[in-house]
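The structure appears right after this line, and notes come after that.
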Amino acid sequence: MLAEQPLITIGITCFNAQDLILDAIKHAKEQDWANTEIIIVDDASSDKSVELIVGYIKDEENIRLYQHEENKGFPSALNTIIENAKGEYLTFFDDDDVSTPDRLTKQYQKLSKFIEEKKTPLVMCYTNRGIRHAGEAEIYHEFKAIGRIEGKEPHGKMVADHILWHSGKAGYAWGMFGSCTLMVHRDLFKKLGSFDPQFRRSAEWDMAIRCSLEGGWFIAVDEQLVVQTKTSTVDKGGKKPFEYAMLLRTKYQGYLKQKGVYLCSRITVYSRFHGSKGRKGKAFFYAVLATLAAPHRTIIDRVKKFLQSSD
């Protein structure tokens with residue numbers, strides 16, 4: 001019954017998404033979890049997004065729109081959601097994504113049970129997500145989420161290490177992060193603070209690192225509850241991924257230097273960047289350099305992991 005359900009805030013960020021935003025709101029409204037509020041944050045769109053949103057939600061009591069007067073970036077939009085959320089739990093929908101009607105129910109069941117068992121709100125709960133091209137219905141790839149296998153959920157500093165410099169400790173369910181599939185308890189932000197505005201890209205990685213350094217857990221519903229439409233923005237293209245990955249290493253250089261892997265971590269960025277561009281030769285070269293710079297890993301181990309990831 002409604003009275004027994006905690007309020008879940010669905011946050012939707014929007015920037016120049018006039019072709020997709022109403023679909024995102026529609027899927028948020030169609031969630032089978034009865035007790036929800038929907039907060040939409042428009043990050044100074046220059047198209048008709050706001051006009052369309054205002055017309056669509058004018059008779060909706062549980063939907064609120066907040067507008068940024070200037071473009072502040074994705075993490076600032078997320079922070080506006082957090083600042084205005086009333087829900088005990090928060091989840092985020094991107095303007096170019098659609099979620100299955102049972103997404104909230106399944107994530108809540110998984111997350112609330114895990115929080116009760118571990119006695120901590122420092123739990124980040126994801127789902128698998130499908131990927132499709134804009135204008136197409138067919139899903140051409142599925143990203144598996146981190147922590148999707150029971151008993152193999154990564155936690156603590158091993159997650160920061162995975163993001164910043166190595167391929168992940170054996171025996172755990174490694175996979176994708178992503179704010180567009182995330183659900184958390186609101187107390188997580190009380191402990192960790194807001195998203196860092198300087199990370200227009202990789203803000204969720206920064207939050208995950210902060211959570212991991214505080215001993216947090218990473219879990220997921222092992223189902224494809226989100227479908228993401230592949231789009232390109234100024235914060236995603238070119239060398240932006242490389243630049244923000246380096247910025248992460250700069251922010252956490254104290255931690256990395258303490259472990260003796262700061263140089264290794266920075267070289268790893270080159271390897272991953274070239275690998276993402278299909279340049280296997282350069283990616284392999286930098287993987288070897290990173291291995292040589294890492295005091296606690298052997299060449300054979302790191303090269304083996306690289307070859308496995310390239311299959």
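Note that these values count all heavy atoms, side chains included, but never hydrogens, waters or copies made by symmetry.
We find the OH-OG1 distance between Tyr126 and Thr91 to be 11.0 Å, quoted to the nearest 0.5 Å. Taking SG of Cys211 as the reference point, atom CD1 of Ile209 lies at 11.0 Å (rounded to 0.5 Å). From Lys48, atom NZ reaches atom CG of Asn16 across 13.0 Å, with rounding to the nearest 0.5 Å. Taking CE of Met176 as the reference point, atom OG1 of Thr127 lies at 12.0 Å (rounded to 0.5 Å). Taking CE of Met124 as the start and CG of Leu192 as the end, the distance is 7.5 Å to the nearest 0.5 Å.
Looking at Thr268, its side chain does come within 3.5 Å of a backbone N or O of Cys264 through a donor-acceptor pair. Formation of a donor-acceptor pair under 3.5 Å by the Ser212 side chain with backbone atoms of Ala160 is found in this model. Side chain of Arg186 to backbone of Gly87: a donor-acceptor contact under 3.5 angstrom is found. Side-chain N or O atoms of Thr36 include none that pairs as donor or acceptor with a backbone N or O of Ile8 at under 3.5 Å. No donor-acceptor pair closer than 3.5 Å links the side chain of Glu37 to the backbone N or O of Asn62. Under the 3.5 Å distance criterion, the side-chain polar atoms of Thr120 are matched with a main-chain donor or acceptor of Leu122. Side chain of Thr229 to main chain of Asp96: a donor-acceptor pair is present (N/O by atom type, distance under 3.5 Å, no hydrogens or angles). Using a distance-only test at 3.5 Å, with no hydrogens or angles considered, a donor-acceptor pair links the side chain of Gln5 to the main chain of Asn35. Remark: the backbone N or O of Gly178 is paired with a side-chain donor or acceptor of Thr181 at under 3.5 angstrom. Asp94 contributes no side-chain N or O that, together with a main-chain N or O of Asp97, makes up a donor-acceptor pair within less than 3.5 Å.
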For this session: Decide side-chain contact (heavy atoms from CB on, under 4.5 Å) for Ile63 and Ile39; before the verdict, give the C-alpha distance in whole Å, the side-chain angles of both, and the deciding distance to 0.1 Å.
Result: CA-CA 6 Å; Ile63 305 179; Ile39 294 178; over 6 Å; no

For this session: Please lay out, stage by stage, how Ser49 and Gln18 fare under the test side-chain hydrogen bond (donor to acceptor under 3.5 Å, both in side chains).
Result: CA-CA 4 Å; Ser49 293; Gln18 62 182 19; 5.6 Å; no

For this session: Evaluate the criterion side-chain contact (heavy atoms from CB on, under 4.5 Å) for residue pair Ile12 and Val41; output intermediate values, then yes/no.
Result: CA-CA 6 Å; Ile12 303 176; Val41 176; over 6 Å; no

Exercise. Thr291 and Leu289: side-chain contact (heavy atoms from CB on, under 4.5 Å), yes or no, with the steps?
Worked result: CA-CA 5 Å; Thr291 299; Leu289 286 185; over 6 Å; no

Problem set entry | His27/Thr100 under side-chain contact (heavy atoms from CB on, under 4.5 Å): CA gap, chis, key distance, verdict | CA-CA 7 Å; His27 283 87; Thr100 60; over 6 Å; no

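Shown here is Trp33, whose CH2 atom has more than 12 heavy atoms of other residues, nucleotides or ligands within 6.0 Å. Counting non-hydrogen atoms of other residues, nucleotides and ligands closer than 6.0 Å to CD of Glu138 gives a total of 12 or fewer. More than 12 heavy-atom neighbours from other residues, nucleotides or ligands sit within 6.0 angstrom of NZ on Lys251.
In the model, Thr105 has a side-chain atom that pairs as donor or acceptor with a side-chain atom of Asp32 under 3.5 Å. No donor-acceptor contact under 3.5 angstrom links the side chains of Gln253 and Arg249, judged on distance only. For the residue pair Asp43/Tyr66, the side-chain donor-acceptor check at 3.5 Å is not satisfied. No side-chain donor from either of Asn79 and Ser76 sits under 3.5 Å from a side-chain acceptor of the other.
Gly130 and Ile139 get closest at one heavy-atom pair: CA-CG2, 3.8 Å. In plain terms, the two heavy atoms of Pro121 and Lys191 that are nearest each other are CG-CE, 3.6 Å. Arg266 and Met246 make their closest contact through O-CE, 3.4 Å (heavy atoms, listed as atom of the first residue, atom of the second, distance). Across all non-hydrogen atoms, the minimal contact from Trp165 to Ala294 is CZ3-CB, 4.1 Å. Among all heavy-atom pairs drawn from Ser112 and Tyr89, the shortest one is CB-OH, 3.5 Å. The two atoms that bring Asp222 and Lys144 nearest to each other are OD1-NZ, 4.1 Å, heavy atoms only.
Ion pairing between Glu60 and Lys29 holds under the 4.0 Å rule for side-chain N and carboxylate O. A salt bridge between Asp161 and Lys169 is absent, with no side-chain N of the basic residue lying under 4.0 Å from a carboxylate O of the acidic one. Arg129 has no carboxylate O lying under 4.0 Å from a charged side-chain N of Glu142, or vice versa, which leaves the two without a salt bridge. With respect to Glu214 and Arg210, no salt bridge is recorded, no charged nitrogen being found less than 4.0 Å from a carboxylate O. Between Lys240 and Glu243, at least one side-chain N (NZ, or NE/NH1/NH2) sits under 4.0 Å from a carboxylate O, which counts as a salt bridge.
In the hydrophobic cluster analysis, where Ile, Leu, Val, Met, Phe, Trp and Tyr join through side-chain heavy atoms closer than 4.5 angstrom, Val221 is grouped apart from Tyr172. Under a hydrophobic clustering in which Ile, Leu, Val, Met, Phe, Trp and Tyr are joined whenever their side-chain heavy atoms come within less than 4.5 Å, directly or via other members, Leu90 and Met183 fall into different clusters. Connection of Leu247 to Leu256 is established within a shared hydrophobic cluster, with ILVMFWY side chains joined at heavy-atom distances below 4.5 Å, either directly or through further cluster members. Under the 4.5 Å side-chain heavy-atom criterion for ILVMFWY residues, a single connected hydrophobic cluster contains both Leu104 and Ile38.
Taking 4.5 Å as the limit, some side-chain heavy atom of Leu182 sits within range of a side-chain heavy atom of Val184. In this structure, the side chains of Thr13 and Phe92 stay at 4.5 Å or more apart for every pair of heavy atoms. Between Phe114 and Lys118, some side-chain heavy-atom pair lies under the 4.5 Å cut-off. Residues Phe15 and Asp42 form no side-chain contact, since every pair of their non-hydrogen atoms from C-beta on lies 4.5 Å or further apart. Side-chain contact between Leu188 and Val123: absent, with no pair of heavy atoms (C-beta onward) separated by less than 4.5 Å. Residues Phe242 and Val269 form a side-chain contact, since some pair of their non-hydrogen atoms from C-beta on lies under 4.5 Å apart. Residues Tyr244 and Gln198 have side chains not in contact (no heavy-atom distance under 4.5 Å, counting atoms from C-beta outward).
A distance below 6.0 Å separates the ring centres of Tyr286 and His274. In this structure, the ring of Tyr140 has its center less than 6.0 angstrom from the ring center of His133. Taking the ring centroids of Phe285 and Tyr270, they lie at or beyond the 6.0 Å cut-off.
Using cut-offs of 30° and 60° for the angle between ring planes, the Trp217 and His155 rings count as parallel.
Cation-pi geometry between Lys257 and Tyr262 is met: under 6.0 angstrom from the ring centre, within 45 degrees of the axis.
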